[in-house]
Amino acid sequence: MPLSWNEIRDRAVTFSRAWDDVASERAEAQTFWNEFFEVFGVPRRRVATFEEPVKKLGTKRGRIDAFWKGKLVVEHKSKGEDLDRAFQQAIDYFPGIADRDLPKYVLVSDFARLRLYDLETAAEHEFPLRDLHKRIKLFGFIAGYAPQEIKPQDPVNIHAAEQMGRLHDQLRAAGYLGHPLEVFLVRLVFCLFADDTGIFPKQSFRDWLDTRTVEDGSDLGPKLAELFQVLNTPRDRRQKNLDEQINAFDYINGRLFEEALPLAQFDAKMRTTLLDCCALNWGSVSPAIFGALFQAVMDEKSRRNLGAHYTSEENILKLIKPLFLDELWAEFDRVKSNKSRLFDFHKKLRSLTFFDPACGCGNFLVITYRELRKLELEVLRAVHSGPGSRFIDIHQELQLDVDQFYGVEIEDWPAQIAQVAMWLVDHQMNTLVSEEFGLYFARIPLTCTPHIVRGNALRMDWNDVVPAERLSYIISNPPFSGAMVMGDSQREDMTEVFGDLRAYGVLDYVSCWYWKAAKFIDSTQIRVGFVSTNSITQGEQVGLLWAPLMHRYHVKIQFAHRTFRWSNEAKGVAAVHCVIIGFAQSEPEKRHIFEYETIDGVPHVVEAKNINAYLLDAPDVFLLNRSAPICAVPAMRFGSMPRDGGHLILTEEEKQQFLSEEPDAARFLRPYTGAEEFLNGYNRWCLWLMNANPGELRRLPKVVERVEKVREFRLRSKAETTRKFAATPTLFCQLAQPDRDYLLIPRVSSERRRYIPIGFVSQSLIANDQVLTVSGATLYHFGVVSSEMHMAWARQFSGRLKSDYRYSKDIVYNNFPWPDGPSNKLAKAIEAASQGVIDARAHLPNSSLADLYDPLTMPPVLVQAHRALDQAVDAAYGKKSFDSDAARVAFLLELYQRYTTLLRSDSHKTVRRAAAAH
């Protein structure tokens, strides 16, 4: 156990007085340094003094004055000699030192002066020996108090995971597999961390490996088994004749070393890998992200992009700060000057409990605990301030512990990592407290344990993990999986969770956690914060999920981060568009929405009167699938679906080849388009055989050949409906081609575009099911649908295909509230502005719509035309402008609510006439 700072300072004063003004010669240097290290309570065997011959630059050899492998090298000179030369001499030793043993610090002295170099930060400190007690904290790394700066993006996190991955591969290749391998590596991680953070005597694990195991590695497995047994045995139950060096390790407990494992066999290469792991600074590893990185080393594909496999601390804080942390800090600020209220606040912190029902490697729990410990440290500082407030025993003052945290994880390996990660961050925070108050504190042996349960959270009663009446908060980042890509086991989970809920099959997998949480918190004060894909706040999922959550379980959204990109710094990481939703049954004092100007931007907070399921400051309304528009506007339909195996569709090249073989089939070929063709300015072709004369078709063998392939394709289908269409192989399965020119809207459009490109096309152009059509549309309809007002509505309520907008006729178009009876003047202004947009496009006939609407290449003339159209449409709604998309949608939802109320009454015709006026 490290000495207290007060004791170290007292020793430093004694040491410096003994050596100050002594006319010492270099011959006395060994005594000087032995006594120097005794100041910090470092055993003499830990640091080699005047014993290490090494090869220097060139052919020279020399002896290092003092050397602590991987930590410190000392060079000493006689009084008054040049310390710059001493530093250079120390550096000259480096080529003769193994890479893993290279020091992080260089210390030089001439008896009267000390100069310390931090090689990692390039910091340099020089002072007279008599001031050693004043500068003693510079040497915390010797005493075991070195403050660790934990950086989420620190390369040491990646390096540590990679080194452990290398050792994992070597053990697996040697036949050490499965659960024993996982437990074995978790234990090693704990030992490596303990070695650098003071749980073990400083670097005792590394020294033990280096000095007590043979270089060929043949005895390393049995030696580690012996060490693990020692770590699981209280001192009073250990053998009396146990080796002194191994007996120096403390009893750990926590059941971490309890399970008996098969012996692992090592060789020289594997021993070297483990020693290389020891050379890393494990005190700087972030437990919050290392667990996820460590988990990734088990999968070779994941390991190639290690940085992608953790949730950034910034994103975790986006959830826990508005859920509880900001309120706790605000409460602390109110009570910190009142010792009695501060005492009660400290007790409150101890009473809080947290549950992550999809905890993975525990990163949400780890960060939450760390942040609460930081707050507790401020409480202790406030208590400590003022006369008569100094602590006698810091152990009695610390209240928070890892047993306040609960988690469920379906896989064994991450569950083990989560438990160890909680212990690691606990010790990091204990080290911070020790540094602050100069009283060493460590919770060893481990007496409290985080409650991490292995199992499927969707198939268990959460009360079996933590009773609802004892829980304060639920926090989680549950797994994302869309309805179309779920596996069988996930679908079974959905059935287990939702039971008879209508149409739950279209919901994303993450919705299961919302449903379970809503049931769990019923009639409690528990507050919940989840990270989710934004799909559960868009499109048809909103009404299916949130209407019963709010009506049946009385859930109220208390804060929300609107859509942002959930990503990390790692190259190649797949970004997900996410939301964060905080909810409870109770009414909050204030509601806050975190808005993002861009999905990669920084959020700004807006106070809201209400937060609805679309994460808008607007009434609680739910857009349901409608078969017809709420206003009297032309109907929107899907294009025709071929379901032909590609045999009725031809590219331009295939068309030319086909006609060269069957020229008489030209009259049956029609231009054919979907979203891709429409946006990028090219057509394909299709055999359109509506009303074709059978006799004429039989005289076209190449046509008949393709028709026969369509029939065969449909007959092979697993879908009964498709097999039925084998009876009519000349036709598309679903026929919906307009009989006049029509407005075409692509169903999928890039999220990058400000406007979804739409356009008028000829009835001769066959539209497939990747586009939507509006027959009978006018310039007025073109203008409103092309406007910023409608685009804001579409961005909010469209579904998503990856990150692109997936426009829905039943949700987006049919629920859209059109302007309420605009005057003829306002309608004419929209028509004129619509023509302006069409004319602006026509000025650039060689550019596709994808070119024209790319935000980087959109021509200024088209930008201006759209702005004019936006102003005209806003005016038809009686508005001049809006501050944001959210403001537009909130306005439209109020209009929607009014329209739908009228539709349910006898006056519904008023709404339809008003919108139909143009």
Side-chain angles (χ1 to χ4, degrees), residues 2-3 5 8-9 11-20 22 24-54 56 62-97 101-148 196 202-203 206-207 279 281 283:
L3 303 173
W5 279 122
I8 293 172
R9 286 192 185 92
R11 289 186 175 199
V13 170
T14 302
F15 169 76
S16 57
R17 284 176 179 171
W19 286 92
D20 194 27
V22 174
S24 304
E25 298 298 329
R26 193 181 185 288
E28 299 178 72
Q30 184 169 3
T31 303
F32 177 91
W33 287 109
N34 285 339
E35 293 182 5
F36 174 85
F37 287 112
E38 286 176 2
V39 167
F40 301 94
V42 176
R44 291 194 178 190
R45 60 177 170 79
R46 185 68 44 75
V47 185
T49 54
F50 296 82
E51 297 174 0
E52 291 289 327
V54 296
K56 301 169 70 174
R63 287 183 179 272
I64 301 177
D65 291 345
F67 182 38
W68 188 348
K69 288 183 178 181
K71 187 65 64 178
L72 173 70
V73 65
V74 170
E75 183 61 29
H76 197 91
K77 295 297 177 185
S78 298
K79 184 173 286 189
E81 288 196 21
D82 186 359
L83 293 186
D84 290 338
R85 191 166 67 87
F87 173 72
Q88 186 56 54
Q89 187 172 338
I91 296 298
D92 288 346
Y93 291 121
F94 282 26
I97 301 174
D101 295 333
L102 287 172
K104 298 177 177 65
Y105 299 90
V106 173
L107 178 59
V108 297
S109 177
D110 67 346
F111 291 106
R113 295 170 295 160
L114 291 171
R115 185 189 294 172
L116 178 68
Y117 297 87
D118 184 335
L119 301 181
E120 291 186 339
T121 66
E124 179 183 329
H125 307 274
E126 181 175 340
F127 51 89
L129 178 64
R130 61 179 174 273
D131 288 343
L132 174 61
H133 66 288
K134 299 178 182 177
R135 310 297 294 276
I136 201 69
K137 287 198 174 183
L138 289 173
F139 301 95
F141 68 93
I142 296 177
Y145 280 108
Q148 300 292 343
D196 273 342
K202 197 70 174 176
Q203 285 198 339
R206 175 177 177 168
D207 291 346
N281 181 9

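We're numbering straight along the sequence, starting at 1.
Between the NZ atom of Lys79 and the OG atom of Ser109 there is a distance of 9.5 Å, given to the nearest 0.5 Å. Summarising the geometry, atom CD belonging to Gln89 is positioned 11.0 Å from atom CG belonging to Asp82; distances are rounded to the nearest 0.5 Å. Distance check: Asn281 CG to Lys104 NZ gives 5.5 Å after rounding to the nearest 0.5 Å. Atom CG of Asp92 is separated from atom CZ of Arg85 by 11.0 Å, given to the nearest 0.5 angstrom. Here the CD atom belonging to Glu120 is positioned 6.5 Å from the OH atom belonging to Tyr105, to the nearest 0.5 angstrom. If you take CD1 on Ile8 and NZ on Lys137, they are separated by 10.0 Å, rounding to the nearest 0.5 Å.
With a 4.5 Å cut-off on side-chain heavy atoms, Leu116 and Asp118 do not count as touching. Looking at Leu83 and Arg113, their side chains come closer than 4.5 Å, going by heavy atoms from C-beta outward. Looking at Val13 and Arg17, their side chains come closer than 4.5 Å, going by heavy atoms from C-beta outward. No side-chain heavy atom of Leu102 sits less than 4.5 Å from a side-chain heavy atom of Leu119. Side-chain contact between Asp65 and Phe32 is absent, with no heavy atoms from C-beta onward closer than 4.5 Å. Side-chain contact between His133 and Phe15 is absent, with no heavy-atom pair separated by less than 4.5 Å. Inter-residue side-chain proximity for Glu35 and Arg11 is flagged as unmet; no heavy-atom pair is nearer than 4.5 Å.
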Set out, in order, the CA-CA distance, both residues' side-chain angles and the distance that settles side chain to side chain contact (heavy atoms under 4.5 Å, CB included) for Phe94 and Val73, then state yes or no.
CA-CA 10 Å; Phe94 282 26; Val73 65; 4.0 Å; yes
Could you please spell out the steps behind the ring pair (Phe, Tyr, Trp, His ring centres under 6.0 Å) verdict for Tyr117 and Phe87?
CA-CA 9 Å; Tyr117 297 87; Phe87 173 72; 3.8 Å; yes
Evaluate Leu107 against Leu72 for side chain to side chain contact (heavy atoms under 4.5 Å, CB included), listing each step before the verdict.
CA-CA 7 Å; Leu107 178 59; Leu72 173 70; 3.8 Å; yes
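The backbone N or O of Ile142 lies less than 3.5 Å from no partner atom in the side chain of Lys71, so there is not a single donor-acceptor pair.
If you run side-chain contact (heavy atoms from CB on, under 4.5 Å) between Leu114 and each of Leu138, Asp131, Leu132, only Leu132 comes through.
A donor-acceptor contact closer than 3.5 angstrom is absent between the side chains of Thr31 and Asn34.
Counting all heavy atoms, side chain and backbone alike, Val39 lies closest to Ala12 at CG1-N, 3.8 Å.
Using a 30° and 60° split on the angle between ring planes, Phe111 and Trp19 fall in the parallel class, below 30°. Aromatic ring orientation, Phe36 versus Phe139: perpendicular (interplanar angle above 60°, classes split at 30° and 60°).
Every residue was checked against the salt bridge (charged side-chain N to carboxylate O under 4.0 Å, His left out) condition with Arg130, not counting sequence neighbours, and none meets it.
Looking at Asp101 and Arg206, a side-chain N of the basic residue comes within less than 4.0 Å of a carboxylate O on the acidic one, giving a salt bridge. The pair Arg115-Asp84 counts as a salt bridge, with a side-chain nitrogen and a carboxylate oxygen less than 4.0 angstrom apart.
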